Engineer: 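Starting off with a structure, shown below.
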Number of protein chains: 2
Amino acid sequence: MNPKIDQYDQKILQLLQEDARMSHAELGRQVHLSQPAVSERIKRLEASNIIRGYRADINPKALGYEITAMIRVSTQQGRPYAQYVASCPEIIDCYTVTGEDGAVMRVLASDVEHLQRIINELNAFGSTSTAIVLTTHVSGKAIAVPSLNENKD
Amino acid sequence: MNPKIDQYDQKILQLLQEDARMSHAELGRQVHLSQPAVSERIKRLEASNIIRGYRADINPKALGYEITAMIRVSTQQGRPYAQYVASCPEIIDCYTVTGEDGAVMRVLASDVEHLQRIINELNAFGSTSTAIVLTTHVSGKAIAVPSLNENKD
DNA sequence: GTTGAAACAGAAGTGCT
DNA sequence: AGCACTTCTGTTTCAAC
């Protein structure tokens with residue numbers, strides 16, 4: 001799909017997903033390239049929008065969010081939830097999906113009262129179905145380059 | 001909840017979620033603190049596990065993942081899917097939740113055949129329900145400090 | 001909290017192979 | 001494409017305030 005991605009790029013992408021603040025020199029040491037070579041590759045990966053940016057990974061619980069919930073909303077036509085979703089800080093993921101449930105969201109709340117307030121507001125857009133997250137097995141796992149995965153044989 | 005988080009920390013966390021590679025000097029300019037003061041605060045936020053790390057944000061589509069799907073798995077007792085989930089590179093999120101569906105996963109696939117292979121493997125752990133993502137409204141929205149949000153009045 | 005200095009590390013540009 | 005070299009910027013630690 002993207003013929004320009006080689007093993008060096010794959011490894012750089014992997015390392016930057018583990019630690020986005022790793023220096024170009026350190027990346028070069030790990031992939032056996034010089035620092036300018038790494039810098040040039042990263043610039044190209046950023047320019048081609050393969051690297052969209054670099055984000056600090058924040059621990060919600062450490063900030064007081066005791067509850068994570070997955071809320072499915074069977075959205076009704078003509079109810080524009082996109083704007084609400086963008087403005088509601090507790091909704092950190094929101095996808096429109098196929099099937100009965102028009103939207104799936106991941107929501108953070110300090111406590112059950114807080115969660116209920118959010119559910120009440122989401123009910124304006126359709127019937128909701130809430131599932132509390134008990135365990136987060138993986139969240140934001142590093143993305144691998146698919147072609148390099150499949151062409152290993 | 002965390003009495004040590006003030007407006008400076010909140011702003012630093014916000015900026016680092018937008019650009020994790022921003023320099024401490026630049027952060028200092030934006031929050032009106034000196035660079036050593038910013039460095040000390042970040043060190044404290046990292047030590048207290050509020051900042052868990054820094055991740056490159058990779059564009060799945062640019063790497064050839066044309067399909068994102070939400071798969072719900074009604075897991076049956078005694079089927080340990082956690083290990084499979086960890087080892088399957090296509091599963092990038094996985095949560096155990098309350099309710100009928102024991103697990104909710106976000107999955108990347110190159111095409112429908114690729115998606116079907118993953119669903120087939122997940123069927124070993126229980127009956128699955130797959131919804132294709134049509135629109136990603138928000139994914140990984142920046143987390144705000146809840147106490148500072150609510151105590152604005 | 002601040003500024004300023006020194007030592008070190010990293011980023012970016014240049015030229016060369 | 002790659003590397004070596006230089007220069008500028010940033011980080012860290014220290015001092016004194």
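Every heavy atom of this structure was used, including side-chain atoms; hydrogens, water molecules and symmetry mates were not. Predicted, not measured: the structure shown is a model, and the values here were computed from it. The sequence lines fix the lettering, A, B, ..., with proteins before strands; numbering per chain opens at 1.
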Engineer: Listed by chain and number, what are the side chain to side chain contact (heavy atoms under 4.5 Å, CB included) partners of Pro36(A), not counting sequence neighbours?
Structural biologist: Ser34(A)
Engineer: Counting only side-chain nitrogens and oxygens, does Arg21(A) get under 4.0 Å of the OP1 or OP2 atom of dA9(C)?
Structural biologist: no
Engineer: Can a donor-acceptor pair be found between the side chains of Ser87(A) and Gln83(A) at a distance below 3.5 Å?
Structural biologist: no
Engineer: Without decimals, in angstroms, what is the distance between Ile42(A) CD1 and dA11(C) P?
Structural biologist: 8 Å
Engineer: His24(A) has a side chain; which of dT13(D), dG13(C), dA11(C) sits nearest to it?
Structural biologist: dA11(C)
Engineer: Can you tell me the distance, in whole Å, between the CG atom of Leu27(B) and the P atom of dT9(D)?
Structural biologist: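 Leu27(B) atom CG is separated from dT9(D) atom P by 18 Å.
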Engineer: Please check if the side chain of Lys141(A) supplies one atom and the backbone of Ile91(B) the other of a donor-acceptor pair under 3.5 Å.
Structural biologist: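 Yes: the side chain of Lys141(A) pairs with the backbone of Ile91(B).
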Engineer: Which residue lies toward the 5' end of DNA chain C, Ala37(B) or Ala25(A), if each is placed at its nearest nucleotide?
Structural biologist: Ala37(B)
Engineer: Could you tell me how far apart Asp6(B) (CG) and dG1(C) (C1') are, to the nearest whole angstrom?
Structural biologist: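 Taking atom C1' of dG1(C) as the reference, CG of Asp6(B) is at 12 Å.
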Engineer: Ignoring hydrogens and geometry beyond distance, is a side-chain donor-acceptor pair present between Arg106(B) and Tyr95(A) at under 3.5 Å?
Structural biologist: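 Judged by distance alone, the side chains do pair up.
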Engineer: On DNA chain D, nearest-nucleotide positions of Leu33(A) versus Glu26(B): which is more 5'?
Structural biologist: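 With Leu33(A) and Glu26(B) compared, the 5'-side residue is Leu33(A).
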Engineer: Below the 4.0 Å mark, does dT12(D) have OP1 or OP2 next to a side-chain nitrogen or oxygen of Ser39(B)?
Structural biologist: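 True: Ser39(B) side-chain N/O within range (under 4.0 Å) of dT12(D) OP1/OP2.
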Engineer: Could Arg29(B) and Glu26(B) be called an ion pair, given the rule that one side-chain N must be under 4.0 Å from one carboxylate O?
Structural biologist: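 The answer is yes: the pair qualifies as a salt bridge.
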Engineer: From the set dG2(D), dG10(C), dG1(C), return the single nucleotide nearest to any side-chain atom of Tyr8(A).
Structural biologist: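 Given the options dG2(D), dG10(C), dG1(C), the side chain of Tyr8(A) is closest to dG2(D).
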Engineer: What nucleotide, of dG2(D), dG10(D), dA11(C), holds the atom closest to the side chain of Ser23(A)?
Structural biologist: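 So the side chain of Ser23(A) is nearest to dA11(C).
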Engineer: Quick one: is the NZ or CZ of Arg21(B) closer than 6.0 Å to the six-membered ring centre of Tyr54(A), and within 45° of its axis?
Structural biologist: yes
Engineer: Give a yes/no on whether any side-chain N or O of Arg41(A) is located under 4.0 angstrom from OP1 or OP2 of dA1(D).
Structural biologist: no
Engineer: Using atom names, set out every protein N or O paired with an N or O of nucleotides 4-6 of chain D below 3.5 Å, distance rounded to 0.1 Å.
Structural biologist:
none

